[in-house]
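Along the sequence shown, residues are numbered consecutively beginning with 1. Side chains included, hydrogens not; waters and symmetry mates left out as well; all remaining heavy atoms used. Just so you know, these numbers come straight off a predicted model, no measurement behind them.
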Amino acid sequence: QVQLVESGGGLVQPGGSLRLSCAASGFAFNWYTMRWYRQAPGKERELVAAIGSSGSAINYADSVKGRFTISRDNAKSTVYLQMNSLKPDDTAVYLCNRINIWGQGTQVTVSS
């Protein structure tokens with residue numbers, strides 16, 4: 001069964017950091033570009049970051065550039081999102097994505 005499972009979300013103060021993980025199973029992970037999206041209440045789902053199959057091609061949304069880092073470990077079939085200097089506007093459910101496949105999401109709340 002193809003599956004993506006996110007973890008690492010939580011409550012963090014502004015300026016803090018979180019590291020999200022997305023564990024993939026059921027497919028050849030190293031063949032696929034992986035993406036992180038986020039969905040906040042009342043806002044459109046936003047592509048946060050993407051990373052190519054080898055990890056060499058990476059792009060970020062302007063809203064997170066310089067603060068977030070996407071990476072992957074193909075040996076562990078896991079993609080990560082390191083989030084630094086978090087802002088309240090980063091509050092959202094963060095979802096891991098492969099083409100046609102979505103995880104359930106992990107909640108990130110940035111609040112003092």
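- For R19, there are no salt bridge (charged side-chain N to carboxylate O under 4.0 Å, His left out) partners two or more places apart in sequence or in a different chain.
- A distance of 4.5 Å separates CZ of R67 from NZ of K87, quoted to the nearest 0.5 Å.
- With 3.5 Å as the limit, one finds no donor-acceptor pair spanning the side chains of S111 and Q13.
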Could you walk me through whether E6 and S21 pass the side-chain hydrogen bond (donor to acceptor under 3.5 Å, both in side chains) check? CA-CA 6 Å; E6 302 95 335; S21 297; over 6 Å; no
Could you walk me through whether T69 and L81 pass the side chain to side chain contact (heavy atoms under 4.5 Å, CB included) test, one step at a time? CA-CA 6 Å; T69 302; L81 187 67; over 6 Å; no
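- Other members of the hydrophobic cluster containing V93, listed by chain and number, are Y37, L47, L95, W102; membership follows side-chain contacts under 4.5 Å among ILVMFWY residues, whether direct or relayed.
- Once rounded to the nearest 0.5 Å, the distance linking OG of S56 with CD1 of I51 reads 8.5 Å.
- Considering only residues two or more places apart in sequence or on other chains, D89 meets the side-chain contact (heavy atoms from CB on, under 4.5 Å) condition with none of them.
- Atom SG of C96 is separated from atom CE of M34 by 3.5 Å, given to the nearest 0.5 angstrom.
- For S17 and N84, the side-chain atoms include at least one donor-acceptor pair closer than 3.5 Å.
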I would like to know whether L20 and Q82 meet side chain to side chain contact (heavy atoms under 4.5 Å, CB included); could you show each step before the answer? CA-CA 6 Å; L20 307 183; Q82 178 67 46; over 6 Å; no
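- Inter-residue side-chain proximity for P14 and P88 is flagged as met; some heavy-atom pair is nearer than 4.5 Å.
- With hydrogens and angles left out, the side-chain atoms of R98 and N100 include no donor and acceptor closer than 3.5 Å.
- Criterion: ILVMFWY side-chain heavy atoms under 4.5 Å apart, direct or through other members. Under it, F29 and Y80 are not part of a common hydrophobic cluster.
- Here the closest heavy-atom approach between residue G52 and residue R72 is recorded as O-NH1, 2.8 Å.
- Scanning both residues, A40 and T91, for their nearest heavy atoms gives CB-O, 3.5 Å.
- Looking at D62 and K65, a side-chain N of the basic residue comes within less than 4.0 Å of a carboxylate O on the acidic one, giving a salt bridge.
- The minimum heavy-atom distance between Q107 and A92, with the atom names listed, is NE2-O, 3.5 Å.
- Rounding to the nearest 0.5 angstrom, the gap separating the CG atom in D90 from the OG atom in S63 is 7.5 Å.
- When side chains are defined from C-beta on, N30 does not count as touching S53, because their heavy atoms never get closer than 4.5 Å.
- The aromatic rings of Y32 and F27 sit perpendicular, their planes meeting at an angle over 60°, well past the 30° parallel limit.
- For the side-chain contact (heavy atoms from CB on, under 4.5 Å) with C22, the qualifying choice from V79, N97, V5 is V79, the only one to do so.
- Criterion: ILVMFWY side-chain heavy atoms under 4.5 Å apart, direct or through other members. Under it, W36 and V12 are part of a common hydrophobic cluster.
- Atoms CZ and OG1, on R38 and T106 in that order, are 14.0 Å from each other to the nearest 0.5 Å.
- Linking ILVMFWY side-chain heavy atoms closer than 4.5 Å, directly or via other members, places L18 and I70 in a single hydrophobic cluster.
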